[in-house]
J.: 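Dropping a structure here in structure tokens format, bear with me for questions.
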2 protein chains.
Amino acid sequence: MGVTKSEIFTKEQNQIASIAKVLGHPARIAILEHLAKVKTCICGDLVNTIGLAQPTISQHLKELKKLDIIKGNIEGNSICYCLHKEKWEEFKDILNQFLSIFSNPENNCC
Amino acid sequence: MGVTKSEIFTKEQNQIASIAKVLGHPARIAILEHLAKVKTCICGDLVNTIGLAQPTISQHLKELKKLDIIKGNIEGNSICYCLHKEKWEEFKDILNQFLSIFSNPENNCC
DNA sequence: TACATTTATCGCAATATTGCAATATATAAA
DNA sequence: TTTATATATTGCAATATTGCGATAAATGTA
């Protein structure tokens with residue numbers, strides 16, 4: 001039904017999936033990479049850097065803001081975006097922990 | 001249009017997004033966690049463990065197989081699934097590398 | 001004030017995803 | 001061979017997502 005049955009999963013499973021889902025689009029990866037590179041915050045530059053229309057970029061920024069992995073401050077006319085350090089580290093830890101569940105003492109499948 | 005403009009992104013960006021996208025559903029996280037826990041491969045148990053119908057689980061397994069993060073071997077009547085070690089490590093490295101782009105020498109946003 | 005710039009929002013079209021019932025397929029067991 | 005078991009596939013309904021043009025909202029500038 002296009003709708004995910006979140007109720008049957010744990011809070012942790014849903015959180016991991018939520019983070020991964022937001023990272024699951026190349027435009028959002030590109031935005032995050034650009035923000036990481038230019039450090040100082042940028043905004044409509046993303047529209048030029050990435051080849052998508054302004055409303056599309058705006059929507060991806062919205063998703064990223066919803067996850068709280070970026071912050072946006074009004075700066076006069078424009079809006080200044082940057083990575084949200086604390087959250088970035090938090091999400092990194094969560095994903096890393098998940099990716100470490102593969103304990104493999106000679107675990108050669110069936 | 002529901003379709004992602006992959007052409008305008010780098011191979012790396014698309015790859016990161018592809019991996020993350022597959023991890024972007026709690027059912028698939030649950031499947032991977034279960035496989036990691038029981039080590040020895042299982043199959044229809046997933047249908048019982050996770051509360052989704054068999055065709056739904058089968059479809060999630062298909063996605064995971066498409067990414068190649070799990071392997072499935074026919075074992076008599078049933079099919080035995082397990083994590084794909086090499087790929088798991090590869091994807092872990094790719095995600096870790098991406099998550100390390102946040103270099104923050106007093107990088108306090110705008 | 002009038003105009004330009006910047007970003008968000010709305011509304012739409014096209015496509016993708018999620019979930020399941022029904023069914024097909026394949027093997028094991030009786 | 002018939003029946004049971006296990007899994008995949010098909011087809012569908014109900015959302016969700018992606019992308020963009022048009023437009024609104026807010027601020028800066030002439």
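Chain letters run A, B, ... following the sequence lines, proteins first, then strands; residues in each count from 1. Please read these numbers as outputs of a predicted model, since none were measured by experiment.
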J.: To the nearest 0.5 Å, how far apart are CG in L95(A) and CZ in F98(B)?
T.: 10.0 Å
J.: State, yes or no, whether a side-chain contact exists between F9(A) and L52(B) at a heavy-atom distance under 4.5 Å.
T.: yes
J.: Check the distance between dA6(D)'s P and D45(B)'s CG and give it to me in whole angstrom.
T.: 9 Å
J.: What is the distance from NE2 of H25(A) to P of dT15(C), rounded to the nearest Å?
T.: 15 Å
J.: Tell me, please, which residues at least two apart from E63(B) pass salt bridge (Lys or Arg N to Asp or Glu O under 4.0 Å).
T.: none
J.: Could you run down the sub-3.5 Å N/O contacts of the protein with nucleotides 25-30 of chain C?
T.:
unit_1  : atom_1 : unit_2 : atom_2 : d
dT27(C) : O2     : N77(B) : OD1    : 3.2

J.: Quick check on DNA chain C: between S6(A) and V47(A), whose nearest nucleotide comes earlier from the 5' end?
T.: V47(A)
J.: What's T56(A) touching, base or sugar-phosphate or nothing? Going by heavy atoms closer than 4.0 Å.
T.: base
J.: Could you tell me if the side chain of I101(A) sits less than 4.5 Å from the side chain of W88(B), heavy atoms only?
T.: yes
J.: Which part of the nucleic acid does L52(B) contact within heavy-atom distance under 4.0 Å: base, sugar-phosphate only, or nothing?
T.: sugar-phosphate
J.: Just how far, in rounded Å, is C1' of dT5(D) from CG of L46(B)?
T.: 17 Å
J.: Does any N or O in the side chain of S100(A) come within less than 3.5 Å of the main-chain N or O of N96(A), such that one atom is a donor and the other an acceptor?
T.: yes
J.: Would you mind reading off the distance between N73(A) atom CG and dA8(C) atom C1', rounded to a whole angstrom?
T.: 16 Å
J.: Give me the ring orientation class for H60(A) and H25(A): parallel if the planes are under 30° apart, tilted from 30 to 60°, perpendicular past 60°.
T.: tilted
J.: What do you reckon, is CD of Q97(A) surrounded by more than 12 foreign heavy atoms closer than 6.0 Å?
T.: no
J.: Grab the N/O contacts between the protein and nucleotides 8-11 of chain D below 3.5 Å, and write none if there aren't any.
T.:
unit_1 : atom_1 : unit_2 : atom_2 : d
dA8(D) : OP1    : Y81(B) : OH     : 2.4
dA8(D) : OP2    : S58(B) : OG     : 3.0
dA8(D) : N7     : Q54(B) : NE2    : 2.6
dA8(D) : N6     : Q54(B) : OE1    : 2.9

J.: Hey, what do you get for CG (L32(A)) to CD (Q13(B)), rounding to the nearest 0.5 Å?
T.: 10.0 Å
J.: Between H60(A) (NE2) and dT9(C) (C1'), how many Å, whole number?
T.: 16 Å
J.: In whole Å, what is the span from the NZ atom of K5(B) to the P atom of dA16(C)?
T.: 15 Å
J.: Taking only side-chain N and O atoms of K21(B), does any of them lie within less than 4.0 angstrom of OP1 or OP2 on dA16(C)?
T.: no
J.: By nearest heavy atom, map G24(A) and G44(B) onto DNA chain D; which one lands nearer the 5' end?
T.: G44(B)
J.: So if I apply the side-chain hydrogen bond (donor to acceptor under 3.5 Å, both in side chains) rule between Y81(A) and each of K65(A), H34(A), K71(A), E75(A), which one comes out positive?
T.: K65(A)
